[in-house]
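Position 1 is the first residue of the sequence; numbering continues from there.
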Amino acid sequence: MKFRITICILLFSLFNIDLFSQDIELFRQFGGRIDFLMIGNTLNTQENGLTSDCIINTESSTTLSLSTDNTIQAAFLYWAGSGTGDFEIKLNDIDLTPERTFIDVQETSGREFFSAFADVTEQVISTGNGNYTLSDFDLTSVIPDYCNNATNFGGWSIIIIYQNDSLPLNQINIYDGLQHVPENITIQLDNLNVIDDDGAKIGFLAWEGDAGLSVNESLRINGNLIGNPPLNPPTNAFNGTNSFTGVSNLFNMDMDFYDIQNNIDIGDTNATIELTSGQDFVMINTIITKLNSQLPDGTVNIDQYEITNCNERISQLDFTVFNRNSTEVLPAGTLINIYIDNILIQSLQTTFDIPIEGSESFSIPITIPESIVENFTLSIHIDEENAILEISDTNNTDSIEFTLPQPPETIEIEHLETCNIGFEKGNFDLNDTYTFVTSNYDSIIDFIFYPTLEDLENDTNPINPLLEYQNISNPQTIFIKTIDTNTDCFAVNEFELNVTNCPPTFPEGFSPNGDGTNDQLDILGLYDIFTDFKLLIYNRYGNLVFEGDNNSSKWNGRLFNNKKPLPTATYFYTLYLNDNNYKPLNGWVYLSR
């Protein structure tokens, strides 16, 4: 149910005192086979007034007697009084401090009034039925300043929400604050779905009401004046009474409820509550409504969000859609929108009717947009367009702040070059490169070398950089996966391997004598490297004795390799490498027999 609370202020007179107050607002909602009651007591020994004794107790007690077939779901303690507040009290000798506080100030006099709140659900469930004593609530030094205008008071109340399977499905809404009623308070409740008016009621926790003051004091539901005579006459709603026990000596506080089934109709989608008080200084602390209404209440919770592969910007999201505190199933097909910052990432739907107090869990991968660099907000919205009438449409979102893990910085790595050993192959020592990259990162970085980018992406064919490596292409780019071991995010560093044709080396001589040693002219760095070379060898008379290339045999000291052996002598060569980087090479070689 969506509640819109508006406060309309009319001017009333209370001894010409101007007041500030803390507006009543929606605090909690409950749904199910539930009801509520209040227990508590005053610290005042008599109704305050200008002729009353200016005394107050520091503790008081009451009794909880709940039927055994009722199960306590929640218990909320409120205590209030004159002054700025006593916020260290005991309930059954257990120390308590407030989780929330409220204040109401008399502007012209400077007098303050306070209320405090503590969730005591676990303690009340543990204690169960029996005596409850609020103690160490000491206002004795404060109230003398309040007795002269009869605003001295103190008291406490526990609101208890309980479940019983025999009850109809009800919707309970708790509002709180600390707001005075020498004005007209109007609370508009929208988006109701009343299916039955039986048992509908409204409760109030109010302070400082006086039985002897009843000027323009009223409670209206949908414009109808209501009361609970003789305990609560329609003209004196705030008169120090407890409707739950029927007592009328709850001095300067009221714990009252009113049946409103005759003031709300089946099919109603809204209700209006109006409170007035023309003279009595009444402060409303809590308002509770119970309506027989069947509505779902979808909420969402992000369970876990983690990056599974930050380099691919894929993240895993686990979340749960709940239908808690509801009185009807949340239908299948309820829309779920997932946002990163303001970007809609994904839309999906609930897949089945989620029962009352039920849930549906999801685990999905989502892709982070490229525009998101580092910090972002992930949020999930259910029923964002309010297509489904719910108990509340203000609790349909959950979000978390997230920092996208960042990959390591890349660095510039020097390319490597080596001589061609044949067919554009070369042997490379990668050890210096490995030492360089490791020295440029801290210890949380790991490095894996790969021959191709595809291998890096697939984690295949890693290279051991401590061993000699032979290239597979010329040039060849080596890729280094540079991994932050804390996040598994990685950067890709790269460098190039280049094989170059180094100048060939001629021996000073050779001895083709058939002994199996040095029988051919072996020119290092020539064959299968300069594959288009042409070698011409001449005797000292300028006659050509050998012509060869990459496809022919090496010179064996014979005339054109197939004829008679040539004599011991110095022979001269011209080597055409047919490489733009080299001019023809000329020199000599000695042949010995």
Looking at every heavy atom in both [X] and [Y], which two are closest together, and how far apart are they?
X    : Y    : answer
M283 : L178 : CB-CD1, 4.0 Å
L378 : I338 : CD1-CG2, 3.8 Å
V120 : L96  : CG1-CD1, 3.8 Å
N486 : I444 : ND2-CD1, 3.6 Å
L231 : G246 : CD1-O, 3.7 Å
T334 : P331 : OG1-O, 2.7 Å

Would you confirm whether the ring centroid of [Y] sits within less than 6.0 angstrom of the ring centroid of [X]?
X    : Y    : answer
F114 : F87  : yes
F447 : Y441 : yes
F117 : Y78  : yes
F27  : Y175 : no

>> Name the residue from H180, E208, Q179 that meets the side-chain contact (heavy atoms from CB on, under 4.5 Å) definition with D104.
In response: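 Of H180, E208, Q179, side-chain contact (heavy atoms from CB on, under 4.5 Å) with D104 is met by H180 alone.
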>> Show, in sequence, the C-alpha distance, side-chain angles and deciding distance for D455 and T460, and conclude whether the side-chain hydrogen bond (donor to acceptor under 3.5 Å, both in side chains) test is met.
In response: CA-CA 5 Å; D455 283 322; T460 54; 2.5 Å; yes
To the closest 0.5 Å, what do you measure between [atom1] ([X]) and [atom2] ([Y])?
X    : Y    : atom1 : atom2 : value
T452 : L456 : OG1   : CG    : 8.0 Å
I273 : T186 : CD1   : OG1   : 10.0 Å
I39  : N242 : CD1   : CG    : 10.0 Å
M255 : I288 : CE    : CD1   : 10.5 Å
I343 : Q346 : CD1   : CD    : 14.5 Å

> Does the pair L317 and F362 meet the rule for a side-chain contact (heavy atoms from CB on, under 4.5 Å), with working shown?
Replying inline: CA-CA 8 Å; L317 174 62; F362 297 82; over 6 Å; no
Above 12 or not: heavy atoms from other molecules or residues under 6.0 Å from [atom1] of [X]?
X    : atom1 : value
E88  : CD    : no
E412 : CD    : no
N342 : CG    : no

Side-chain donor-acceptor pair under 3.5 Å between [X] and [Y], yes or no?
X    : Y    : value
N285 : S115 : yes
D303 : T320 : yes
N41  : W156 : no
S379 : S399 : no
T394 : N396 : no
D256 : N232 : yes

> Is there a side-chain contact (heavy atoms from CB on, under 4.5 Å) between Y258 and I221 once you walk through the steps?
Replying inline: CA-CA 10 Å; Y258 300 85; I221 303 295; over 6 Å; no
Could you check whether [X] pairs with [Y] (Lys NZ or Arg NE/NH1/NH2 to Asp/Glu carboxylate O, under 4.0 Å)?
X    : Y    : answer
D459 : K481 : yes
R33  : D165 : no
D297 : R324 : no

> So among E385, E384, H381, which one has a side chain to side chain donor-acceptor pair (under 3.5 Å) with N337?
Replying inline: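 Of the listed residues E385, E384, H381, the side chain to side chain donor-acceptor pair (under 3.5 Å) partner of N337 is E384.
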> In terms of the angle between their ring planes, are F244 and F257 parallel, tilted or perpendicular, with boundaries placed at 30° and 60°?
Replying inline: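 If you compare the ring of F244 with that of F257, the planes turn out tilted.
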> When the ring planes of Y434 and F449 are compared, do they come out parallel, tilted or perpendicular, using 30° and 60° as the limits?
Replying inline: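 Y434 and F449: tilted rings.
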> Y132 and T63: side-chain hydrogen bond (donor to acceptor under 3.5 Å, both in side chains), yes or no, with the steps?
Replying inline: CA-CA 6 Å; Y132 286 81; T63 301; over 6 Å; no
> Between the side chain of D341 and the main-chain N/O of T377, is any donor-acceptor distance below 3.5 Å?
Replying inline: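 Flag set: sc D341 to bb T377 pair under 3.5 Å.
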> Going through the checks in order, is the side-chain hydrogen bond (donor to acceptor under 3.5 Å, both in side chains) test met by N323 and S359?
Replying inline: CA-CA 6 Å; N323 188 26; S359 63; over 6 Å; no
>> Evaluate L134 against E59 for side-chain contact (heavy atoms from CB on, under 4.5 Å), listing each step before the verdict.
In response: CA-CA 5 Å; L134 194 85; E59 66 176 60; 6.0 Å; no
>> Here's one to test your reading of the geometry: is the NZ or CZ of K201 within 45 degrees of the ring axis of F36 and under 6.0 Å from its centre?
In response: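 Cation-pi check for K201 and F36: passes.
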> Is the shortest heavy-atom distance from the side chain of E360 to the side chain of T351 under 4.5 Å?
Replying inline: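 Yes, side chains in contact.
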Run the side-chain donor-acceptor check on residues 402-409: report pairs under 3.5 Å with partners two or more places apart or on a different chain.
unit_1 : atom_1 : unit_2 : atom_2 : d
T403   : OG1    : N375   : OD1    : 2.9
Q406   : NE2    : V373   : O      : 2.9
Q406   : NE2    : L404   : O      : 2.8

